[in-house]
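Before any comments, here is the structure.
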Amino acid sequence: MDPRFRVELIAATPNPQQCVYAGMHQDYSEGFVAADRAGWPDETRAGEICVKRLLAGERGHYGPLEHAQIVLNVGWFPHSVMQQARTHRVGVSFDVQCLAGDTEITFLHAGGSLRKIKIAELHDLWTNGERATRHRQIRGRQGEAPGTYRRDCRKRLQKMKLRVLNEDTNVFETSHLTDVICSGLQPVYRLTMEDGRTLDCTANHRLLTPDGWQTMGDALSLRVRRDGTVRSFRRTAQVLVNGNVAVGSGAYRDRGWLQQQVECGATPDEMAERAGCSTTTIRDWARRHQIRLVKSDTRFRAGFNPWNHNPSALYRQQQWLQQQLENGLCAKEMAELAGCSVEAIKKWVYHFGLTLNKRPFFQKGMRPWNKGRGGYRLQLSEESREARRAHGRQITRRGSASHFWRGGSSSERMLIGSWTRQIAPQVHQRFDHTCQRCGLRGSEQQLHAHHLVPVYADPSLGCEIENLVTLCQACHAFIHKHHLEADFAAEFRLLKPIQNWPVKPRPRGRKLMAHPLTVVQVEFLGTQMTYDLAVADPWHNFVANGLVVHNSMRYTGDRIRKAANGELELEEVFYLRPLGSYSDRQGKKYSYDADQRAIDLDLCCRAAERYRDLLDAGFAEEHARGILPFDYRQHFVVSFSLRAFLHFLDLRAKLDAQEEIRALCDLMWPHLQAWAPEIAGWYEKSRLHKARLAP
């Protein structure tokens with residue numbers, strides 16, 4: 001047996017023989033079997049009962065064996081063994097990168113907004129179509145019966161814009177789906193990032209890291225126990241996620257930059273000024289990264305006097321305050337004498353333990369204080385007013401420093417827009433409130449004034465009423481969205497024909513770039529249904545739950561590259577039988593000697609080099625893989641029900657089966673013995689190596 005061959009347990013139904021016993025017992029019991037759980041026999045006794053009443057008795061009804069499940073990881077076997085295993089009633093997944101069904105895939109609407117669809121829902125739409133909102137009343141074109149039905153939407157899904165990463169520029173772009181695949185039940189792990197986002201995927205799913213593409217298990221140096229739970233992982237592992245704005249610094253999102261600013265003693269205001277964002281944004285990202293910011297300077301901290309501090313003010317003198325109160329003055333009258341606010345008088349009166357006089361009630365003949373004063377105004381001196389203006393200029397960002405800066409919209413263009421909105425009612429009256437494209441007649445709220453010659457083409461015609469025409473809201477949006485200004489203008493007589501229509505300026509947009517985040521937690525979620533995506537060229541990746549993951553079902557040839565470069569042993573990648581004498585099923589005998597094996601090794605070496613050269617020349621991995629020998633070594637995951645396991649052993653553990661697949665059965669056999677010992681003991685005595693069809 002090849003020493004590299006390996007089979008390890010991933011997951012298995014606990015107490016499988018009790019599980020089979022429960023299924024068997026329900027067949028002839030009228031009661032609810034689970035209600036009698038306390039009276040079930042233990043695992044060993046349950047196995048003995050299953051053998052005696054179900055297997056040894058040859059009852060012919062072996063459905064209860066289907067309830068127990070086992071999942072095994074097979075490694076370094078030749079590709080032909082995997083192909084043979086998948087022909088039986090066995091679940092096989094090989095070199096598959098899979099995501100859990102709740103994973104959200106990011107698409108982009110035409111307007112730039114995001115649309116996120118769970119991959120399980122996407123697979124349902126891709127496979128079964130969308131649910132129609134109404135029932136079919138008559139028989140369909142293909143003979144479909146009337147009633148509820150689902151419409152094929154695969155072409156529409158293929159046209160949707162899928163967010164992908166341009167691996168050359170590190171900026172996100174869009175691509176399209178080519179396939180959505182269900183990969184079956186597989187062990188799934190949940191990755192939790194430092195900002196709280198999560199991803200549920202298999203250990204062999206490839207993630208983009210600062211060191212390039214790596215499987216999740218390799219990137220995190222993941223170590224698991226026999227039951228699949230996490231034993232350890234590398235705490236400093238990072239993967240790339242989306243979200244950083246490529247236009248501008250986006251430094252406030254970087255944990256290292258924020259920590260560096262805090263260590264330098266920068267306040268949130270200073271950090272916001274350096275990063276070109278608001279103070280609120282700095283505080284938000286500091287909270288996400290659990291960074292404690294430096295408190296901003298304040299003039300009212302302990303030992304610091306306010307700007308209007310005056311120790312010799314009248315309202316601070318107890319004797320003066322007491323004299324005014326004895327004279328019957330109220331707080332407002334005292335404030336006018338002292339030249340301060342009413343609140344200052346109240347504060348110091350209470351400070352000295354005095355009592356304020358009540359304000360006299362309004363009496364007939366008294367003049368109201370606000371008579372003849374219209375509007376709202378502040379009672380400020382000219383110095384105070386100028387100080388407020390200076391403070392406003394300091395805290396309010398204007399021009400290019402403003403967060404609402406659009407890159408330099410001219411005041412002239414804004415005036416043209418304001419004038420157009422004011423003159424629009426006259427334009428609509430001129431065209432009888434009728435859209436000049438579709439003929440819709442509507443109110444002024446539904447109609448827009450459209451420039452025949454756009455402002456970007458000739459600003460001098462921006463304020464000419466003869467250059468305006470009435471369009472409904474839908475037509476106006478359609479013309480500008482599809483850049484049909486020139487075509488629509490050709491239908492009208494222009495004031496000033498334009499010989500060379502200028503190119504319409506396009507907005508800069510908000511392109512995003514990938515940035516790394518640290519994985520803070522990994523947990524085993526058990527076996528779940530998983531799904532794959534296939535993405536069109538040239539970038540085979542997509543965004544799942546905000547993380548950049550590799551295009552699924554993409555075979556990677558890193559091991560073959562290393563073998564071609566001499567970094568790996570050739571037989572670590574390709575399988576060749578050991579030297580010796582063999583015979584086939586027809587009894588034909590032959591010998592496989594050292595000379596023949598050397599020739600085969602040379603062929604494998606040349607195939608690996610050719611594969612490497614094709615990839616370097618830009619060929620797709622699927623194309624280049626066609627020239628490889630069939631028996632390159634393969635890792636795969638295989639799952640059985642207990643019944644399927646026995647059936648597989650009957651067919652492939654017999655003495656005249658292919659040598660390599662018999663080796664697989666020999667390595668799987670100890671797992672069956674440890675999992676269901678009583679059933680395995682019966683099978684070993686009565687059926688193993690005898691080529692009988694399993695129950």
Side-chain angles (χ1 to χ4, degrees), residues 265-274 276-284 286-287 292-405 411 414-415 418 422:
T267 65
D269 291 337
E270 294 170 340
M271 295 165 66
E273 181 70 28
R274 296 169 187 174
C277 64
S278 67
T279 306
T280 303
T281 301
I282 293 293
R283 296 186 186 278
D284 179 44
R287 184 169 56 254
R292 188 172 182 178
L293 294 174
V294 177
K295 291 185 178 180
S296 301
D297 293 333
T298 171
R299 52 187 131 185
F300 295 109
R301 63 180 181 266
F304 198 96
N305 294 324
W307 63 274
N308 59 350
H309 178 67
N310 183 9
S312 60
L314 290 175
Y315 55 83
R316 292 173 176 266
Q317 301 175 15
Q318 181 178 3
Q319 184 178 0
W320 183 86
L321 290 173
Q322 191 168 2
Q323 181 180 355
Q324 303 306 317
L325 292 173
E326 292 175 355
N327 293 337
L329 298 181
C330 64
K332 181 180 178 182
E333 295 168 336
M334 295 167 65
E336 292 176 353
L337 289 177
C340 65
S341 67
V342 174
E343 296 301 324
I345 294 294
K346 291 180 178 180
K347 173 184 175 181
W348 287 98
V349 167
Y350 298 149
H351 176 73
F352 293 123
L354 304 176
T355 303
L356 286 171
N357 295 325
K358 292 184 178 179
R359 184 176 179 180
F361 291 102
F362 187 79
Q363 299 176 0
K364 186 176 181 180
M366 293 181 63
R367 179 183 175 87
W369 67 271
N370 58 350
K371 185 176 181 178
R373 300 183 181 182
Y376 171 79
R377 63 173 67 105
L378 293 175
Q379 299 295 332
L380 299 175
S381 64
E382 190 60 33
E383 293 79 6
S384 298
R385 192 178 301 276
E386 184 60 33
R388 289 173 64 91
R389 290 172 180 168
H391 182 64
R393 287 192 295 269
Q394 180 181 358
I395 66 174
T396 304
R397 301 176 186 272
R398 302 180 184 276
S400 59
S402 172
H403 304 308
F404 303 99
W405 178 251
S411 58
M414 296 173 65
L415 290 174
S418 177
Q422 293 176 8

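Just the heavy atoms: all of them, side chains too, but no hydrogens, waters or symmetry mates, feed the values below. For reference, positions follow the sequence shown, starting with 1.
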Which donor-acceptor pairs under 3.5 Å do side chains of residues 321-328 form with protein atoms, sequence neighbours excluded?
{"unit_1": "Asn327", "atom_1": "ND2", "unit_2": "Gln323", "atom_2": "O", "d": "3.3"}

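When all heavy atoms of Gly265 and Glu270 are compared, the pair lying nearest together is O-OE1, 4.2 Å. When every heavy atom of Gln317 is checked against every heavy atom of Ser312, the shortest pair comes out as NE2-O, 3.6 Å. Lys332 and Val342 get closest at one heavy-atom pair: CA-CG2, 4.0 Å.
A search for side chain to side chain contact (heavy atoms under 4.5 Å, CB included) contacts involving Arg287 returns Asp284, not counting sequence neighbours.
Here Met334 contributes atom CE and Lys346 contributes atom NZ; the two are 12.0 Å apart, rounded to the nearest 0.5 Å. Here CD of Glu336 is found 10.5 Å from CD1 of Ile345. Values are rounded to the nearest 0.5 Å. In this structure, Asn357 CG and Glu333 CD are separated by 9.0 Å, a value rounded to the nearest 0.5 Å.
The closest donor-acceptor contact from the side chain of Arg316 to the backbone of Asn310 lies under 3.5 Å.
Using cut-offs of 30° and 60° for the angle between ring planes, the Trp348 and His351 rings count as perpendicular.
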